[in-house]
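Note that these values count all heavy atoms, side chains included, but never hydrogens, waters or copies made by symmetry. In this chain, residues are counted from 1 in sequence order.
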Amino acid sequence: MVSYKVNPETIENVDTTNSDSFISERSTKIKKPYFEKGAPNNKRLGLSIRITIIVVIMLLVLLCSVFVWLSSFLSAQNGLNNFSGLVVKNVYEKVDDFLKNQFKPYMLLAKNIARDWNNRLVDDSNAKNYLTYRFQDYKSAGIGLMFGENNNSGLYSVFDSYSNGRTIYFWAYKPLDSYQITNISFLNLNDGSLKLYYSDWYDVAKQDYYISSKALFNRYPNLEGVFGAPYLVREGNVCVFYSYKVYERTLYKNGTKQFQGITKINLSLADIQTFLSSIQTFGNGYILVTEENNMVIGGSINTTTLDQKGRMSLFDIKDRGAGDLMRDIYNNNNFSSLPQSFSFTSSGVEYVISHNWFILDNLRWRVFIVMIKSEIMNAVIVSTGASVGVAAAWVVLGVLISIGIGVAITHPLKFLEKQFAKIRRFSLEDVESSSSIFKEVNTIYSHLDEMVLWLKEFKSFLPENVFLQLKKIDDENEEMSQNTAEYHESFVRKNSVSTANHSFSSSVNGKQAAHKQAKSLFKIGLQSKECTVINVKFIGLSEKDPIEITKQFSKIVVSFSSIAKSMQADIQIISVEEFQILFTENKSELKALIAALRISKSLDDWKTTSQVTIKYHIGISTGKANIGNLGTNNFRFYAVVGEVRKTSQKLSYLAHALNVKILLDESSFVEEKFIFRPVDIIKQEGKDNSQIVFELIKENIQQGDEWMYELEQKKDNEKFNDFQEAFNVLRLRKIQGSESKEDLMDSIKKSIDVIENHIQLVPSDEVIGRRILTVLEQILNSNCYEDMKRIANSYYSDISMSWKGLLHNQQVSSIPFTF
């Protein structure tokens, strides 16, 4: 069961025997409940709203004036450093991110190719397809495996060349461990076909990229991969390459790393130059990226030779006088100790220059960001003028804001009043969030949001009966508030003292008692009510793994709470495998049967939607029960006490034993709206009369075409008709005193045959059928005719903590069931 704690406020006791003294002290002695309206509030001192508005306007104008001057002054002094620093930072971050994003995928690709070669996943037979696919996926300028150790040259490479407005792809091939000449072929990327371009003796060991790669490996022994200097690829473009070590595979398998060659990835400088050319700094400023040897990688100005393939020195750049500027800086300090940011004058123009490094493994490139100082100062002047305009606009806006301050001051209080009224009713989904120009009010709003969030979490632990009681209390409070307001209105009228005293005394006594009751929110004590209880029992849920229990339990709670809320019922959690739903409104049995069918449909639909099967059984019982809150002011429990709750629980266990979904007692039977069938007869503890247990099959809903509906219903019900006829032997008490023993035996035998045939047609009814068969067979086997009639006419199942069935020789007993 779910319990909850309530900490009600207390109401001071007030002596109302002396009406006059009570009238004079009522505002201090009575603690007004939160729902009371119309009561006078105590006067408290506070700031005048008018003075507040005047002071705020004066401060606003004064601060705006100060900020205008301060903004202009600070903008003139610090605009250069701040603005240029921001531009430099953004540009450098763009360059740094781009270069790393360009290089790192190719570094990883080279590593993976080397690993695949070392592990014999790549060989002479599949090298072309292997490298071609990666060439296409990564869109590099060239990719390959190069071997040049021990006079054993090998080459497997795919690369491209841009010529006459189109890109041409090549495959260079010389198998390892052979003296075959190197073939350079045109490569069709679509179908992988080759067309020989030319053949040549190509010694990998003598190539510059191979020699420099080995030198860099020796220079950086801790690196498995190194970047090489840019070079012009044969039949290709200028590229920067990345080399990764490849080892002799036989020794590598045994754990020995013997250098045999490299995996080389070419990245065209054209891609880097294209990106750098798109970067804008400020005005006529620009960016340059160079090697340590002052050869240009690229920039936002023209840094290429006339043939668009050659490379040039940093000092040979003609565009915007960049080469002369860099030569003057170099001659001044030889680039050896450049600060990160500095000013420099060249050819009468003052520049603001930022110098940074791009470093990735062994790769070190200089990054120069150049801006013209006069252009920055012009921007600073414009910015200062703009700040003055903004300050003036703020003065105007401040006046307009001051007009709304009066509304702004009172708006939070009105807003909080509305939100707390919603919280009082636990309508947490309707509570709104807001903000204010005042810091203190924002803090209150923040606390309100946190409180609502916590209450939403807490709300999920409260049973539905709490909210049903709150709704009822809220309705009572509203009515009481209206009566209280009417009383205060009538009390201030000029009446005779004796009439006023008498009226006030009697009214206050009633109101104070009502307040005390309302202050405690939930009444303590049980009330006898007619109700219907649904007990839902899940089989095997607690035996699942914790993750599955959590997942399925949350689904069950969402489904059950939605159904209970829509039908104004209270849901209580007995355990992970057992739920109880209580209906106390009018026609509770009808609502309970509809709810049971909805629950059954919801659980059955899970098998279709999420492939999850949950075995469950439902018991429904209607009758009188003692319902209400038990406990103390600090701890209360909403209880349902009575046989009806026990019966619903036992019916769910009986449903499990009989392998059916929904069982209900005769008190819950609503024949005209549902389709049922009888399955057993029970006798409740402490009661003499017995009643029939029915299985709830479905709702009896009329369709549009009535004759078609009747036809379908007839087909659906035919399989149960024979079972019902056989059950009538016990249900309708058809055995009469004038009936002979032979007639009785024939009737019982006929019923036995019908039930056996029914079990064959409907195997799922085997448990129910076998149980009735046991009863009928024991009646049939009875030697005494009078015992046969008495047993047949008085059969019932005794419901207790364990289900016991029937029949000892001379008295009615029970057939044992095990749950």
Side-chain angles (χ1 to χ4, degrees), residues 464 532-541 544 551-583 587-622 645 647-680 693-701 703 712-713 716-717 719-720 723 762-765 767-768 819:
E464 190 66 25
T532 300
V533 179
I534 296 179
N535 183 277
V536 184
K537 176 67 178 177
F538 294 95
I539 308 301
L541 180 59
K544 298 180 180 294
K551 181 179 179 182
Q552 294 188 15
F553 186 82
S554 63
K555 282 186 175 182
I556 293 170
V557 169
V558 169
S559 177
F560 283 21
S561 60
S562 175
I563 294 172
K565 184 176 294 185
S566 66
M567 307 192 76
Q568 295 187 337
D570 171 45
I571 180 172
Q572 295 178 316
I573 301 174
I574 310 301
S575 68
V576 174
E577 290 188 334
E578 189 172 356
F579 290 73
Q580 178 176 287
I581 303 176
L582 174 66
F583 295 82
K587 298 182 179 180
S588 60
E589 63 275 10
L590 177 61
K591 293 182 178 180
L593 297 181
I594 295 174
L597 289 175
R598 290 182 182 178
I599 291 172
S600 178
K601 184 177 184 304
S602 175
L603 296 175
D604 292 341
D605 287 345
W606 291 357
K607 184 176 181 181
T608 303
T609 57
S610 57
Q611 304 299 318
V612 175
T613 301
I614 298 181
K615 190 174 182 181
Y616 65 93
H617 301 282
I618 301 174
I620 307 172
S621 180
T622 300
R645 187 191 69 84
T647 302
S648 66
Q649 186 180 43
K650 293 172 182 178
L651 286 175
S652 65
Y653 278 91
L654 179 60
H656 174 43
L658 297 180
N659 194 28
V660 296
K661 293 181 179 179
I662 306 173
L663 290 183
L664 60 141
D665 57 16
E666 199 168 349
S667 301
S668 307
F669 186 73
V670 185
E671 185 174 9
E672 65 274 9
K673 293 183 178 295
F674 301 92
I675 297 176
F676 304 90
R677 66 159 174 174
V679 296
D680 207 342
V693 175
F694 296 90
E695 178 189 3
L696 176 59
I697 300 174
K698 60 183 178 179
E699 196 170 356
N700 189 7
I701 303 175
Q703 305 294 331
E712 292 176 359
Q713 291 298 314
D716 290 340
N717 296 334
K719 61 182 179 181
F720 300 116
F723 180 87
V762 187
S764 60
D765 285 346
V767 176
I768 300 174
F819 299 109

Ile618 vs Ile620, side chain to side chain contact (heavy atoms under 4.5 Å, CB included): CA-CA, chis, key distance, verdict: CA-CA 7 Å; Ile618 301 174; Ile620 307 172; 4.2 Å; yes
Ile599 CD1 to Lys661 NZ distance, which is reported to the nearest 0.5 Å: 13.0 Å
Qualifying residues under ring pair (Phe, Tyr, Trp, His ring centres under 6.0 Å), relative to Phe583, sequence neighbours excluded: none
Aromatic plane relationship, Phe669 with Phe676 - under 30° parallel, 30 to 60° tilted, over 60° perpendicular: tilted
Donor on one side chain, acceptor on other, Ser621 and Ser648, under 3.5 Å: no
Side chain to side chain contact (heavy atoms under 4.5 Å, CB included) between Val536 and Glu578, worked out: CA-CA 6 Å; Val536 184; Glu578 189 172 356; over 6 Å; no
Residue from Leu541, Asp604, Ile539 passing side-chain contact (heavy atoms from CB on, under 4.5 Å) with Tyr616: Asp604
Smallest separation among heavy atoms of Leu664 and Glu695, with atom names: CD2-C, 4.4 Å
Residues Phe538, Phe553; criterion ring pair (Phe, Tyr, Trp, His ring centres under 6.0 Å); working and verdict: CA-CA 10 Å; Phe538 294 95; Phe553 186 82; 8.8 Å; no
Distance-only donor-acceptor check, side chains Ser667 and Thr622, under 3.5 Å: no
Under 3.5 Å: donor-acceptor pair, side chain of His617, backbone of Val660: yes
Atom pair CG (Leu696) and CZ (Phe674), whose distance is rounded to the nearest 0.5 Å: 6.5 Å
Donor on one side chain, acceptor on other, Gln649 and Gln580, under 3.5 Å: no
Any side-chain donor near an acceptor of the partner, Asp665 and Ser668, under 3.5 Å: yes
Atom pair NZ (Lys537) and CG (Leu654), whose distance is rounded to the nearest 0.5 Å: 14.5 Å
Under 3.5 Å donor-acceptor, Ser600 side chain and Ala596 backbone: no
Spatial distance of atom OG (Ser562) from atom CZ (Arg598) [nearest 0.5 Å]: 9.0 Å
Donor-acceptor contact present, side-chain Glu589 to main-chain Thr532, <3.5 Å: no
Worked verdict on Ile556 versus Phe579 for side chain to side chain contact (heavy atoms under 4.5 Å, CB included): CA-CA 10 Å; Ile556 293 170; Phe579 290 73; 3.7 Å; yes
Rounded distance (nearest 0.5 Å) linking atom CD1 of Ile614 with atom CD of Gln552: 4.0 Å
Side chain to side chain contact (heavy atoms under 4.5 Å, CB included) partners for Asn659, two or more places apart: Val767
Atom pair NZ (Lys601) and CD (Glu699), whose distance is rounded to the nearest 0.5 Å: 12.0 Å
Side-chain donor-acceptor contact under 3.5 Å, Ser652 with Asn535: yes
Closest non-hydrogen atom pair, Ala595 against Ile534: CB-CD1, 4.1 Å
Validation row: Gln572, Leu582 side chains within 4.5 angstrom (heavy atoms): no
